[in-house]
Amino acid sequence: MIKMAAHCDFSSLELLMKASSKEKVVKVCNDVYVMGSSQSDGLLSSVCESLGTRPNETKKMIESLSSVLKTIIFHGYTEPQEIQSLFPKDFHKNLRDLITKIALDNMNTWKTHSISTQVSLPRLVDFDWRVDTKMASDSVSRTSVPTCILQMKVQENQTDVKTTPENHNINVELSKETLDTMLDGLSKIRDQLSSVARR
Amino acid sequence: MDLSERGLTAGKLVDMKWKLGVAVCSDECKSLNSPFVAMTLKVADASGKISTHTFELTIPQFQNFSEQMKDMAARMEMI
């Protein structure tokens with residue numbers, strides 16, 4: 001859920017001015033956007049360390065910053081004015097402009113991150129394959145049939161917030177005919193993809 | 001790949017269904033336009049019991065998968 005920037009406590013963002021360098025502010029923004037949704041304790045300590053601030057005052061800032069950044073990424077703003085208009089008129093101008101620049105610079109990276117963590121079916125994360133020749137089996141004493149083994153690693157959706165989701169393996173053996181049929185299907189997907197890309 | 005996982009423990013691919021989708025928007029991005037491929041594989045084990053596995057691939061993953069399946073077919077031709 002995004003708490004829209006309209007309800008954000010902008011004054012708490014001024015804690016960012018305690019950063020000793022612009023790079024520290026960039027790091028804080030990045031940490032807040034990327035780690036913000038996973039409710040990790042690591043985020044609070046990382047930000048406190050970057051700014052040299054105490055946890056109590058930092059918590060509020062993180063909440064507000066997260067709300068602002070999420071609003072910006074949600075709308076996909078491309079113009080600085082669109083982002084600047086989110087801030088109150090009396091907000092510290094340099095800080096406002098710095099946050100605006102950081103958001104614009106990181107827009108694509110953060111959007112990609114958002115896509116990788118969005119609602120999804122279990123994801124294929126890796127696969128291996130091998131081509132074998134079947135020389136014999138319990139039913140045939142001599143043979144020479146090519147066959148392939150495909151192992152796919154699928155990562156399930158997280159069920160427990162604190163643990164990494166499990167991977168499970170799918171091992172399949174494919175005959176030449178099965179593989180050819182699969183390739184047919186894959187080429188249909190490729191065709192559809194090019195027509196989607198053209199639109 | 002672990003040799004003990006070959007042949008006797010790999011199931012036979014019985015069916016492959018697919019869907020090409022485009023994620024339009026999400027709670028985090030109002031405008032996404034992000035394509036993805038979803039697949040359901042039906043695998044029969046040695047006893048004939050069929051299990052289904054459904055998963056998503058990003059487009060780069062799909063392209064990599066597709067290329068490697070073509071490689072695999074080419075290798076099979078050489079045997």
Side-chain angles (χ1 to χ4, degrees), chain A residues 1-2 37 70 73-76 110-125 127-134 137 144-152 154-156 168-176 178-183 185-190 192-193 196-197, chain B residues 1-3 5-23 25-45 51 53-59 61-79:
Chain A
M1 304 286 278
I2 300 179
S37 40
K70 284 189 148 88
I73 300 306
F74 177 78
H75 289 285
W110 290 347
K111 223 176 167 176
T112 306
H113 171 80
S114 171
I115 290 174
S116 71
T117 56
Q118 74 189 2
V119 175
S120 166
L121 289 171
R123 298 155 191 272
L124 181 70
V125 290
F127 65 94
D128 275 324
W129 56 269
R130 200 178 70 211
V131 174
D132 286 345
T133 311
K134 272 191 175 156
S137 73
S144 180
V145 178
T147 183
C148 51
I149 314 273
L150 175 61
Q151 179 179 79
M152 287 167 281
V154 171
Q155 187 179 66
E156 299 294 337
H168 90 260
N169 289 344
I170 308 170
N171 295 331
V172 281
E173 184 180 323
L174 296 97
S175 65
K176 180 108 193 16
T178 312
L179 179 57
D180 283 343
T181 311
M182 187 196 242
L183 284 174
L186 296 179
S187 96
K188 287 203 176 86
I189 301 177
R190 274 202 308 277
Q192 288 305 308
L193 258 181
V196 165
Chain B
M1 200 185 312
D2 189 350
L3 225 66
E5 284 180 288
R6 67 154 307 193
L8 295 173
T9 56
K12 282 205 159 27
L13 182 67
V14 171
D15 194 16
M16 175 184 99
K17 296 180 84 65
W18 58 267
K19 175 173 80 183
L20 173 61
V22 178
C25 56
S26 75
D27 62 315
E28 290 182 4
C29 295
K30 193 162 93 169
S31 168
L32 265 179
N33 242 2
S34 162
F36 63 90
V37 175
M39 278 192 198
T40 295
L41 301 183
K42 284 204 170 118
V43 181
D45 70 11
S51 55
H53 305 269
T54 304
F55 51 86
E56 268 186 37
L57 296 82
T58 62
I59 296 310
Q61 265 174 333
F62 163 74
Q63 279 159 345
N64 181 30
F65 184 73
S66 182
E67 280 307 303
Q68 297 217 29
M69 293 300 102
K70 283 204 278 192
D71 268 349
M72 195 154 80
R75 298 294 161 94
M76 283 181 92
E77 289 291 341
M78 300 193 312
I79 295 180

**Q.** Which atoms of B:Ala38 approach chain A - backbone, side chain, both or neither, heavy atom under 4.5 Å
**A.** side chain
Q) Among A:Gly76, A:Ser116, A:Pro122, who wins on heavy-atom pairs under 4.5 Å with chain B? A) A:Pro122
Q | Interatomic distance, B:His53 atom NE2 to A:Leu121 atom CG [nearest 0.5 angstrom] | A | 14.0 Å
Q.
Less than 4.5 Å to any heavy atom of chain A: does that hold for the side chain of B:Val14, its backbone, both, or neither?
A. neither
Q) Taking it one step at a time, do A:Met152 and B:Leu41 satisfy side chain to side chain contact (heavy atoms under 4.5 Å, CB included)? A) CA-CA 11 Å; A:Met152 287 167 281; B:Leu41 301 183; 3.3 Å; yes
**Q.** Which of B:Arg75, B:Gln68, B:Met16 touches chain A most, by non-hydrogen pairs under 4.5 Å
**A.** B:Gln68
Q. For B:Met72, is it the side chain, the backbone, both, or neither that has a heavy atom closer than 4.5 Å to a heavy atom of chain A?
A. both
Q. Checking B:Ser34 against chain A: side chain, backbone, both or neither under 4.5 Å from a heavy atom?
A. side chain
Q. Say you draw a straight line from CE of B:Met69 to CG of A:Leu183; how long is it, rounded to the nearest 0.5 Å?
A. 8.0 Å
Q: Heavy-atom distances under 4.5 Å only: say whether B:Phe36 touches chain A with side chain, backbone, both or neither.
A: neither
Q. What residue in A:Val125, A:Ile170, A:Val154 has the most heavy-atom pairs under 4.5 Å with chain B?
A. A:Ile170
Q: Please state whether the side chain, the backbone, both or neither of A:Ile73 comes within less than 4.5 Å of a heavy atom of chain B.
A: both
Q: First locate atom CG of B:Leu20, then atom NZ of A:Lys188, and finally report the distance between them rounded to the nearest 0.5 Å.
A: 14.0 Å
Q.
Under 4.5 Å from any heavy atom of chain B, what part of A:Ser175 do you find: side chain, backbone, both or neither?
A. backbone
Q | Shortest non-hydrogen contact from B:Phe65 toward A:Phe127 | A | CA-CZ, 3.4 Å
(Q) As an exercise, state the distance from CG of A:Leu174 to CE of B:Met76, rounded to the nearest 0.5 Å. (A) 7.5 Å
**Q.** Residue, of B:Asp45, B:Thr54, B:Asp15, that accumulates the most heavy atom pairs under 4.5 Å with chain A
**A.** B:Thr54
Q. Between B:Gln63, B:Met39, B:Glu77, which has the largest tally of heavy atom pairs under 4.5 Å with chain A?
A. B:Glu77
Q) Based on non-hydrogen pairs under 4.5 Å, which of A:Arg190, A:Lys111, A:Glu156, A:Arg123 is most in contact with chain B? A) A:Arg190
Q. If we only count heavy atoms from C-beta on, is the B:Lys70 to A:Leu186 side-chain gap below 4.5 Å?
A. no
**Q.** Part of B:Leu13 lying under 4.5 Å from any heavy atom of chain A
**A.** both
(Q) If I take atom CG from residue A:Leu124 and atom CD from residue B:Gln61, how far apart are they, to the nearest 0.5 angstrom? (A) 5.0 Å
Q.
Between A:Glu173 and B:Lys12, does any side-chain N to carboxylate O distance fall below 4.0 Å?
A. yes
Q. Between A:Gln118 and B:Ser26, is there a donor-acceptor pair closer than 3.5 Å when you use the side chain of the first and the backbone of the second?
A. no
(Q) With a 4.5 angstrom heavy-atom cut-off, is it the side chain or the backbone of B:Asn33 that approaches chain A, or both, or neither? (A) neither
Q: Tell me, for A:Ser120 versus chain B, whether the close heavy atoms (under 4.5 Å) come from the side chain, the backbone, both or neither.
A: both
